[in-house]
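Take a look at the structure set out below.
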Amino acid sequence: MKPNIAHIALAAGLVASFALNAIAPQLDDYAVNILVLAGINIILAVSLNLVNGHTGQFSLGHAGFMAAGAYTSSIITLSLSPVLSTAPAWQGHVAFFGALLVGGVFAALCGFLVGVPSLRLRGDYLAIVTLGFGEIIRVVIQNTEALGGARGLEGIPPYTNLLWTFGIATVAIYVVASLVNSTYGRGFIAVRDDEIAAEAMGINTTKYKVTAFVVGAFFAGLAGGLYAHFISYIAPEGFNFLKSVDVVVMVILGGMGSTPGVAAAAVLLTLMNELLRDFEQYRMIVFALLLIVLMIIRPQGLLGNFQRRKRKPAQP
Amino acid sequence: MDWANLTQQLINGLSLGAIYALIALGYTMVYGVLRFINFAHGDVFMIGAFAGLYVHRWLKPLFHWMPDFLSALIVLLLSMLICAVIGIVIEKLAYKPLRQRSRLTVLITAIGVSLLLSYGTQLVCGAAPKGFPQLIKNETLDLPGVVSMTTEQVVVLVVTVLLLISLRFIVQKTRMGLAMRALSNNPTAASLMGVNTDAVISFTFGLGSALAAAAGIFFAMLYQAIDPFMGILPGIKAFVAAVLGGIGNIAGAALGGVLIGLLETLVVGYSKNIGIPPGFRDAVAFVILILILMFKPAGLLGKSEREKV
Amino acid sequence: MNPLLTLKSVTMEFGGLRAIGDLDFHVAPQEMVGLIGPNGAGKTTVFNIITGVYKPTRGDIHFQGHSLQGKKPNRITALGIARTFQNIRLFSSLSVFDNVRTAMSGRLRYGIVHSFTRGAAFQAEEARIRDEVFALLDIFGLRDDADRQASGLPYGDQRRLEIVRALATGPSLLLLDEPAAGMNPTEKVRLMELIHFVHEKFRIAVLLVEHDMRVVMGVCQRIVVLDYGQKIAEGTPDTIQRDPKVIEAYLGGEVTHA
């Protein structure tokens with residue numbers, strides 16, 4: 001098989017993740033902290049962008065998928081921890097990887113469940129339904145004693161490092177980018193631009209929409225698992241609607257449908273969150289104003305090329 | 001069957017439902033004339049409660065020589081007026097530049113407005129929940145059976161009914177109401193017939209926001225605490241109420257609000273009997289939303305729309 | 001010869017309102033058929049029923065021996081029916097090239113997994129599609145615009161691109177919904193040439209909804225006339241032009257001259 005640019009980029013990303021992880025001991029904790037959070041945000045933003053940006057199915061429930069992955073993987077590693085605490089470190093990391101994947105698959109299953117009603121809904125209605133799904137996931141966790149209820153789970157083993165974070169971020173970017181950059185993948189954008197025309201051109205819009213939700217939710221689940229095993233503590237309140245909005249802001253600032261744009265926006269917003277930590281109460285006000293102004297003067301985002309589309313008239 | 005308990009639950013459910021109904025009306029009227037979900041509407045409800053708090057604080061010296069009902073009425077009307085103005089300003093600044101843009105663009109803007117209102121309130125008033133003053137002396141009225149009702153519940157129900165009657169009068173009998181109905185039936189024809197679209201839209205936002213303010217004050221009266229994020233959940237639940245009743249349909253919004261208030265209260269009241277933990281009350285509305293959108297997307301009283309191909 | 005497309009007593013009601021009533025007609029392979037009628041006669045509704053956008057209340061539609069009942073639009077397209085839209089519906093943010101290649105994705109042999117692995121078979125198929133798209137763009141003189149965003153094309157080119165995109169699905173029946181709308185007389189003449197060219201070159205049947213009588217008469221071998229959702233006449237352009245019922249329907253309603 002001839003190597004192509006996509007493969008080379010994937011390999012380069014993975015090598016860079018190894019390198020970053022190798023120099024981690026030389027960095028101070030604060031820098032590593034910011035890097036890991038940036039990596040997790042990249043995964044969240046790039047995966048949500050597949051749903052909201054490329055496919056045009058506006059989801060406000062990404063935090064719910066993140067919660068599904070975070071809780072599933074944490075329950076697994078917590079229940080294995082008596083065994084793993086005495087085992088060699090590499091076995092712990094293998095178990096962690098397995099737990100992450102199970103969390104991702106469970107989140108993907110939730111994504112499938114959300115994707116199905118999305119088939120009949122458009123735009124703003126879908127946004128509210130996904131918000132509702134996300135909230136249902138949160139309410140269920142909050143009321144399940146086995147998951148720690150409202151108190152949350154603590155003592156989650158801190159397996160997450162720069163290699164896991166950026167390795168998975170690289171894979172997420174690769175998957176979304178290669179998915180969209182093919183004849184098959186242009187169908188996602190066709191569904192966004194005009195669903196009726198897409199169907200008329202032989203595109204199975206159902207399959208595309210569900211695929212976007214499943215892939216998006218899978219990576220959100222991985223991001224949730226990484227987050228849980230980094231902070232070591234998760235609670236349902238951390239995955240509420242405002243967390244979903246955080247990710248939506250990244251996607252919009254980066255430009256819906258632009259993978260490099262939203263990845264850059266994820267890094268930028270992570271940095272801003274840290275730099276503005278002393279001005280916490282102003283941070284969200286700035287974001288809110290940014291959203292409003294952006295929609296009025298530059299709806300394609302700061303970096304993207306999202307189309308300004310005229311609303312189609314509804315037939316009475 | 002414990003009839004007294006059921007009646008009690010129904011009374012509690014009705015007062016909560018009245019609040020959802022008042023908020024839902026704003027969603028449905030705005031959807032009727034502009035065809036978009038004003039996501040920030042729940043935050044206008046929150047601002048209404050805060051306006052009530054501050055109006056009461058400022059005018060307290062005047063209230064000493066007034067009967068309770070009069071001072072409460074002044075607080076209510078002033079808060080409604082404040083929110084009406086805020087609603088109109090929001091529409092002019094944030095939504096008006098976006099007419100003819102995709103619904104999604106407007107929704108994102110509305111999310112921005114929602115964040116701005118809640119975090120702005122947090123910045124000005126602080127994040128901690130605030131106690132809400134007792135606007136009317138609260139007494140418990142014993143009804144036949146072992147059922148009781150607070151004066152606040154009575155006030156909420158009576159005033160809500162009065163507001164609904166006035167709304168019906170405005171929509172059915174006034175020129176503005178006629179113009180609103182014309183605009184929601186056929187925007188192009190309405191503007192060709194000389195309806196001043198901008199004025200009608202402003203009026204609709206003002207009216208909806210005033211009703212949301214009333215709901216905010218009622219909510220604060222019943223639950224006695226307010227905070228900058230109190231609008232998110234009731235706002236979304238009220239939106240569900242509007243969808244349940246058939247979005248764009250005024251009677252439907254009121255019906256949907258009452259139904260959701262009742263269902264939510266019954267789930268909590270009978271959680272042991274039906275095996276659903278009371279904590280799931282916040283999920284009730286979302287489950288209803290998903291079911292209604294999958295099986296009867298036009299809502300209970302709504303008409304379905306077909307996209308033109 | 002067996003007909004390509006057959007509609008048998010197709011009825012469509014919207015909330016009790018009858019838009020199409022007991023409609024029968026057929027299109028033979030490689031035939032050029034016009035579907036005309038006054039405004040609101042239900043022509044576009046017929047297109048929407050054939051392509052699966054609307055489910056008919058009653059009646060059967062058969063295409064090449066397959067029943068189209070309950071089939072989703074993308075399945076119907078895969079069987080060989082392609083369409084354009086009255087109000088242009090291009091994928092506005094995609095390039096001209098991508099608009100055309102997206103229409104080929106229904107015929108792909110590889111799918112989602114191959115998009116990740118990007119192996120030799122994937123590369124080969126992408127290369128083949130690229131050649132096919134460029135060949136089509138060449139034929140219609142759009143090659144120089146391949147990288148332009150579809151929404152940036154001039155109006156006439158957008159109409160042309162819609163036809164190219166429909167052809168890329170590999171149809172044996174092409175439905176054209178008012179292709180001459182908004183065109184000036186010169187553009188209309190060129191459109192007629194284009195339709196004839198497509199018919200000859202791709203050896204496909206064409207069903208044309210059009211207001212402009214000159215275009216319909218100049219293109220179609222047979223014409224079906226609808227009024228209030230009913231078929232009131234059917235025949236060659238000559239007989240249709242003299243049919244008193246047709247004249248009455250048009251005089252009673254709106255008369256459209258070229």
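Throughout, a chain's letter reflects where its sequence line sits, starting with A, and its residues are numbered from 1.
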| side-chain contact (heavy atoms from CB on, under 4.5 Å) between C:Ser93 and A:Arg192, intermediate numbers included | CA-CA 9 Å; C:Ser93 71; A:Arg192 172 186 86 191; 2.9 Å; yes
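- Other residues, nucleotides and ligands contribute over 12 non-hydrogen atoms within 6.0 Å of the CZ atom of C:Arg128.
- How far CG of C:Asp98 is from CD1 of A:Ile189: 7.0 Å, rounded to the nearest 0.5 Å.
- The parts of C:Thr102 that come within reach of chain A are both its backbone and its side chain, each placing non-hydrogen atoms under 4.5 angstrom from that chain.
- The local environment of CZ in C:Arg148 is crowded, with over 12 non-hydrogen atoms from other residues, nucleotides or ligands closer than 6.0 Å.
- Taking the side chain as every heavy atom from C-beta outward, C:His114 and A:Ser182 never approach each other to under 4.5 Å.
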| message | With side-chain contact (heavy atoms from CB on, under 4.5 Å) as the criterion, how do A:Glu199 and C:Ile76 come out once you've worked through the C-alpha distance, each side chain's angles and the decisive distance to 0.1 Å? | response | CA-CA 9 Å; A:Glu199 273 191 314; C:Ile76 292 172; over 6 Å; no
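- More than 12 heavy atoms of other residues, nucleotides or ligands lie within 6.0 Å of CZ in C:Phe202, so this atom counts as buried by the packing criterion.
- Of the listed residues (C:Asn74, C:Leu90, C:Asn99), the greatest number of heavy-atom pairs within a distance under 4.5 Å of chain A belongs to C:Asn74.
- In the displayed structure, C:Tyr155 atom OH is contacted under 6.0 Å by more than 12 heavy atoms of other residues, nucleotides or ligands.
- In terms of heavy atoms, A:His7 sits closest to C:Thr117 at NE2-O, 2.7 Å.
- Atom CG of C:Asp144 is surrounded by 12 or fewer heavy atoms from other residues, nucleotides or ligands within 6.0 Å.
- Here the OH atom belonging to A:Tyr184 is positioned 14.0 Å from the CZ atom belonging to C:Arg101, to the nearest 0.5 angstrom.
- With a threshold of 4.5 angstrom between heavy atoms, A:Tyr208 approaches chain C through side-chain atoms but not through N, CA, C or O.
- Contact annotation for A:Ala6: only side-chain heavy atoms (C-beta onward) come within less than 4.5 Å of a heavy atom of chain C.
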| message | Could you walk me through whether C:Phe85 and A:Ile196 satisfy the side-chain contact (heavy atoms from CB on, under 4.5 Å) test, starting with their C-alpha distance in whole Å, then the side-chain angles of each, then the deciding distance to 0.1 Å, before giving a yes or no? | response | CA-CA 10 Å; C:Phe85 295 91; A:Ile196 286 168; 3.9 Å; yes
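- Here the closest non-hydrogen pair linking A:Ile203 and C:Ser105 is CG1-OG, 3.6 Å.
- C:Phe91 has its side chain within reach of A:Met201: a pair of non-hydrogen atoms, C-beta onward, lies under 4.5 Å apart.
- The shortest side-chain heavy-atom distance between A:Asn204 and C:Lys72 falls under the 4.5 Å cut-off.
- A:Asp193 places a side-chain N or O within 3.5 Å of a backbone atom of C:Ser92 that can act as its donor or acceptor partner.
- Annotation: C:Tyr228, atom OH; neighbour count of heavy atoms from other residues, nucleotides and ligands within 6.0 Å does not exceed 12.
- Residue A:Val175 comes nearest to C:Phe116 through the heavy atom pair CG1-CE2, 3.4 Å, listed as atom of the first residue, atom of the second, then distance.
- In plain terms, the two heavy atoms of A:Thr183 and C:Glu126 that are nearest each other are OG1-OE2, 2.8 Å.
- Counting all heavy atoms, side chain and backbone alike, A:Ala190 lies closest to C:Leu94 at N-CD1, 4.4 Å.
- Few gaps surround OH on A:Tyr125; more than 12 heavy atoms of other groups in view lie less than 6.0 Å from it.
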